[in-house]
Enquirer: 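Encoded as structure tokens, here's the structure I'll be asking about.
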Amino acid sequence: MATDYDTPRKTDDDVNEDSIEELKARRNEKSTSSVDVDEFDAAEGLELPGADLSNEELSVRVLPRQADEFTCMSCFLVHHRSQLFGEKNGQPICQDCGA
């Protein structure tokens with residue numbers, strides 16, 4: 001059977017079934033809004049149990065850019081030469097940024 005999408009979704013019987021109290025309750029539910037909280041501010045005050053990392057040190061060995069690598073001038077990431085898409089205004093661009 002074909003569906004007529006131009007017909008109203010609610011019939012007269014459906015409209016009459018909604019009581020005034022139900023409509024008022026729905027309106028009140030929609031009008032109550034919560035205050036938007038910035039996620040960064042909310043996470044700032046959140047402490048996880050056992051997550052005290054104040055006396056921990058992170059040691060990372062940083063290597064200089066190698067001869068077979070380039071820095072993409074769009075995303076500023078270091079890529080291997082095999083990821084070179086081309087040059088834009090004389091600056092190297094990676095395949096991800098060039099595509």
Enquirer: Please confirm whether the backbone N or O of Asn55 pairs with a side-chain atom of Glu57, one donor and one acceptor, at under 3.5 Å?
Expert: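 Looks like no, no N/O pair under 3.5 Å.
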Enquirer: Dump the intermediate steps for side-chain contact (heavy atoms from CB on, under 4.5 Å) on Cys94 and Cys75, then the final yes or no.
Expert: CA-CA 8 Å; Cys94 70; Cys75 64; 3.9 Å; yes
Enquirer: Evaluate the side-chain proximity of Leu84 to Phe70: yes if any heavy-atom separation is below 4.5 Å, no if none is.
Expert: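 They are in contact (side-chain heavy atoms under 4.5 Å apart), so the answer is yes.
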Enquirer: Would you give the length of the straight line joining atom CD1 of Ile93 to atom SG of Cys72, rounded to the nearest 0.5 angstrom?
Expert: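 Reported value, rounded in 0.5 Å steps: 4.5 Å.
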Enquirer: Could you give the distance from OG (Ser82) to CG (Asp68), rounded to the nearest 0.5 Å?
Expert: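 Between Ser82 OG and Asp68 CG, I get 8.5 Å after rounding to 0.5 Å.
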Enquirer: Just verifying a value: how many Å separate Glu69 CD and His80 NE2, rounded to the nearest 0.5 Å?
Expert: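 Reported value, rounded in 0.5 Å steps: 7.0 Å.
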Enquirer: Tell me whether Asn89 contacts the main-chain N or O of Gln91 through its side chain, where contact means a donor paired with an acceptor under 3.5 Å.
Expert: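 The answer is no, because no donor-acceptor pair under 3.5 Å joins these two groups.
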Enquirer: In Å, rounded to the nearest 0.5 Å, how long is the span from CZ of Arg65 to OG1 of Thr71?
Expert: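 Output value for this atom pair is 4.5 Å.
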